[in-house]
Amino acid sequence: MNITQTPEWQALLQDQQRLEHTHLRDLFANDAQRFQRFSAELDGLLIDYSKQRVDAEAVRHLLSLARLANVEEWRDRMFAGEKINFSEDRAVLHTALRHMEFSPFPSAELDVMPQVRAVRKQMRDIVERVRSGLWRGFKGDAIQNVVNIGIGGSDLGPKLASRALSAYQHPNLNFFYVSNLDSAHLAPLLEKLDPRTTLFIVASKTFTTQETSINAQTARTWLMAAAMEEWAIAKHFIAVTSSPAKAHEFGIPDENILQIWDWVGGRYSLWSAVGLSVALSIGMNGFERMLQGAQTMDSHFREAPLEKNLPVLMALISIWNTNFLGAETTAILPYNESIRHLPAFLQQLEMESNGKTVSRDGEPLSCRANPIVWGEIGVNGQHAFFQLLHQGGWLIPCDFVVAASSDHPLPGHQAPLLANCLAQSAALAFGKTEQQAREELSQAGLSEAQLARLLPHKVFAGNQPSTTILMPSLDPFQLGMLIALYEHKVFVQGVIWSINSFDQWGVELGKQLANRLLPAILGDQAFDAQLDASTSGLIAYFRRHGHV
Ligand SMILES: O=P(O)(O)OC[C@H]1O[C@](O)(CO)[C@@H](O)[C@@H]1O
């Protein structure tokens, strides 16, 4: 089905005609109930999408589009464990990882829960031993430093969550995340760490990812230089992978290998043992609380009618902005320092899932899919790129994300933080009219000539749409809900765009080429004739200047 040719899409084009030139100022002025109408809450997590450029009719048509695309059917197929990731012949069952009841999941016939529970138990055991100081290094010391070596989904999720929940962190443990191949990531860390008290978690679903393998080998060499004995590996290395044999080859004993499964996508793996560093930081009970938060969002996503369904509404708003208002990018603006990694996490979640131009049927998509996702801590952005958001003339929908209470409170900080967050979304939405700017300038006593010169610079067009996501506090439960909210949002968008959101073939070509270029970088001139002129020129430069 070409969705753009359907009556539902055509109705939305009509809405676009009506709303494209309607200002948010007018939408608010004409509807005193706008906040009530266009906000929704689940267990304390509130989404306010009243500052999006929609009206009730447009939302109704967006919901019809979701029904037309069979969102509910696809959702049920995912939860039933069908192999909806058809290009890799895999089910998509990260929701099993946060299934907290003692019932089978997804069904009695296809129950994955015994394996999930067994790994949770293994995690709990490790977590308790490390946190209590019972887990000892090769010289008998308690662990003080945990280094997660991984990249992509094996890094971004745990890094986001462990920073987000730093208020709950074990006082005697420090956490580090190493992903970059550049040795400037690992080297300074190794300089300050003590091998006797350091535990490495090598998180890699495939256990073949080059960046992770090289960093893990270097960490292993560093440990061996101090410990001298192979048995020390068992005291300092844990692997999380779906390829236990490869972890075993690396030298990690079976009891230190935590399994994940092919039905857990890398960018959806935080809830698996990939989250071990988070569990070590906040304790296994805290980690399970985060799983409960995600499960609460799962149940809501499965059961709530579409018009009250938070992930569905978020997805539809994004589709409206992208496909009808023409937004090409979207900004993620967390205001809490502790969720500073949210934009990076969402970049992978959204763009690796839906950054595609081919449909499930192998046809070119009939409309543009995922916008470019970017972002930064909100207040930092205010003093950097917000100028462009306010007066740059681009349509850039924003997600403001903030917790009402601080997770690391100091007197005098939280109220101004919240004021800034709310001020920005209001300024973006309502702007400042020429009339308002004129009045301000003349009240400041400017001459008519000065006023005329300054006036154009003081006007804010406004009408920049945003959603504000509020949580009471940054706790494991709320964080679990927040992340699952975005996961399901991405899923719904993928269904409507008819994308398989669970593969990522687009990352392969670069990997292949990097492997092919390695010998040339290392100096093997036999390859030179096969290189394009640019690559060859750049390699010549490396040979002149690099020490590889
Ligand atoms: O966990 P792995 O297998 O090391 O993969 C890391 C990341 O690499 C990717 O496959 C992309 O290259 C991501 O999807 C994944 O999260």
Side-chain angles (χ1 to χ4, degrees), residues 84-94 97 119 147-162 177-182 185-186 200-220 237-250 252 256-278 341-356 370 373 483 486-487 490-491 494 499-518:
I84 59 169
N85 176 4
F86 72 90
S87 66
E88 296 180 308
D89 196 30
R90 289 174 186 169
V92 175
L93 278 175
H94 49 279
L97 301 166
V119 176
V147 183
N148 186 85
I149 298 179
I151 199 164
S154 299
D155 169 67
L156 293 164
K159 188 164 65 185
L160 162 66
S162 107
Y177 291 83
V178 174
S179 54
N180 199 339
L181 246 184
D182 182 356
H185 202 173
L186 186 56
F200 292 98
I201 302 171
V202 185
S204 177
K205 181 175 168 184
T206 53
F207 228 77
T208 57
T209 303
Q210 186 190 44
E211 294 86 342
T212 303
S213 301
I214 292 176
N215 278 323
Q217 280 299 347
T218 302
R220 188 185 192 282
F237 276 86
I238 291 175
V240 181
T241 184
S242 65
S243 301
K246 294 201 179 85
H248 196 87
E249 249 169 62
F250 180 90
I252 300 180
N256 287 12
I257 300 175
L258 301 178
Q259 184 138 14
I260 54 175
W261 306 274
D262 68 354
W263 43 262
V264 185
R267 51 194 173 273
Y268 300 87
S269 64
L270 164 66
W271 324 99
S272 71
V274 167
L276 179 65
S277 58
V278 183
H341 298 306
L342 186 64
F345 174 82
L346 293 180
Q347 282 181 322
Q348 186 197 19
L349 180 64
E350 297 227 6
M351 296 201 278
E352 203 173 71
S353 297
N354 289 337
K356 296 165 187 169
N370 219 88
V373 178
I483 297 174
Y486 275 105
E487 284 180 351
V490 166
F491 171 77
I499 284 173
N500 173 11
S501 303
F502 299 101
D503 60 12
Q504 58 285 318
W505 299 108
V507 301
E508 294 304 323
L509 177 60
K511 289 185 194 173
Q512 281 169 11
L513 286 181
N515 284 333
R516 249 191 271 155
L517 288 180
L518 191 57

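Remember, predicted model here, so these are calculated numbers, not experimental data. Read the numbers this way: they start at 1 and go in the same order the structure lists the ligands and their atoms. FYI, side chains are in, hydrogens and waters are out, and symmetry mates aren't considered; it's all heavy atoms of this structure.
- Applying the 4.0 Å criterion to heavy atoms of Thr209 picks out, from ligand 1, the atoms 2 (P), 3 (O), 4 (O), 5 (O).
- Separation of the Tyr486 and Phe345 ring centroids does not fall under the 6.0 Å cut-off.
- Residue Val507 approaches ligand 1 through these ligand atoms, each under 4.0 Å from one of its heavy atoms: 11 (C), 12 (O).
- None of Lys159, His185, His341 except one satisfies the side-chain contact (heavy atoms from CB on, under 4.5 Å) rule with Tyr177; the exception is Lys159.
- Distances from ligand 1 to the non-hydrogen atoms of Glu211 include no value under 4.0 Å.
- For the pair Thr206 and ligand 1, the shortest N or O to N or O distance falls below 3.5 Å.
- Looking at atom 10 (O) of ligand 1, its nearest protein heavy atom turns out to be Lys511 NZ, 3.9 Å.
- Of the possible polar contacts, none joining the Asn148 side chain to the Ser277 backbone as a donor-acceptor pair under 3.5 Å is found.
- Taking atom 6 (C) of ligand 1 as the reference point, the nearest protein heavy-atom neighbour is Ile151 O, 3.2 Å.
- Between Gly153 and ligand 1, a contact under 3.5 Å exists for at least one N or O pair.
- Side-chain atoms of Gln347 come within 3.5 Å of backbone atoms of Val373 as a donor-acceptor pair (strictly under, hydrogens ignored).
- Ligand 1 does not have Glu508 within reach: every non-hydrogen atom of the residue lies 4.0 Å or more from it.
- Residue His248 qualifies as open at atom NE2: its count of foreign heavy atoms under 6.0 Å is 12 or below.
- Closest to atom 13 (C) of ligand 1, if we only count protein heavy atoms, is Glu352 OE1, 3.5 Å.
- Using cut-offs of 30° and 60° for the angle between ring planes, the Phe200 and Phe237 rings count as parallel.
- Geometric assessment of Arg220 against the ring of Phe250 yields a positive cation-pi assignment under the 6.0 Å and 45° thresholds.
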